[in-house]
Amino acid sequence: MQTLRTLRAVALALLLAPLPALACGPDSAKTHMGTLSGVDTGSGTFSIVDAETRQNLTFHATPELLQELAGASGMVSVRYESIGNALTAIDVRR
């Protein structure tokens, strides 16, 4: 009987585990990959040329994130949030 309860508890935990991840919705954080094309600390933004669409995309970012990107080049992966037409970088990986 104890084994059956344990199995049920484990099955329930596995079933409910993905629910918090869905709470923010599937589109709350998106990703673009591309080549870093510029960093503008004055306006608090940086730009990439998207690898898929070849379009120039500009992201708002924190001063700390811009500092990390200053002087960098090459491919980056940008995790971002969008509010209207504005893109705000959450994380950038080189």
Does any part of the side chain of Pro63, heavy atoms only, come nearer than 4.5 Å to the side chain of Thr41, both counted from C-beta? no
For a quick test of your reading: what N or O donor-acceptor pairs under 3.5 Å do the side chains of residues 84-94 make, sequence neighbours left out?
{"residue": "Asp91", "atom": "OD2", "partner": "Arg93", "partner atom": "NE", "Å": "3.0"}
{"residue": "Asp91", "atom": "OD2", "partner": "Arg93", "partner atom": "NH2", "Å": "3.3"}

Result block: side-chain N/O donor-acceptor pairs under 3.5 angstrom for residues 44-57, not counting sequence neighbours:
{"residue": "Thr45", "atom": "OG1", "partner": "Ser43", "partner atom": "OG", "Å": "2.8"}
{"residue": "Ser47", "atom": "OG", "partner": "Thr58", "partner atom": "OG1", "Å": "3.0"}
{"residue": "Asp50", "atom": "OD1", "partner": "His32", "partner atom": "ND1", "Å": "2.8"}
{"residue": "Asp50", "atom": "OD2", "partner": "Glu52", "partner atom": "N", "Å": "3.0"}
{"residue": "Asp50", "atom": "OD2", "partner": "Thr53", "partner atom": "N", "Å": "2.8"}
{"residue": "Asp50", "atom": "OD2", "partner": "Thr53", "partner atom": "OG1", "Å": "3.0"}
{"residue": "Thr53", "atom": "OG1", "partner": "Gln55", "partner atom": "N", "Å": "3.3"}
{"residue": "Arg54", "atom": "NH1", "partner": "Ala51", "partner atom": "O", "Å": "3.2"}
{"residue": "Asn56", "atom": "OD1", "partner": "Ser37", "partner atom": "OG", "Å": "3.4"}

So how far is it from Glu64 CD to Leu69 CG, rounded to the nearest 0.5 Å? 12.0 Å
What is the distance from atom CE of Met75 to atom CE of Met33, rounded to the nearest 0.5 Å?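 Here the interatomic distance stands at 4.5 Å.
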To check you understand the geometry: which heavy-atom pair defines the closest contact between Thr31 and Ser77, and what is its length? CG2-OG, 3.4 Å
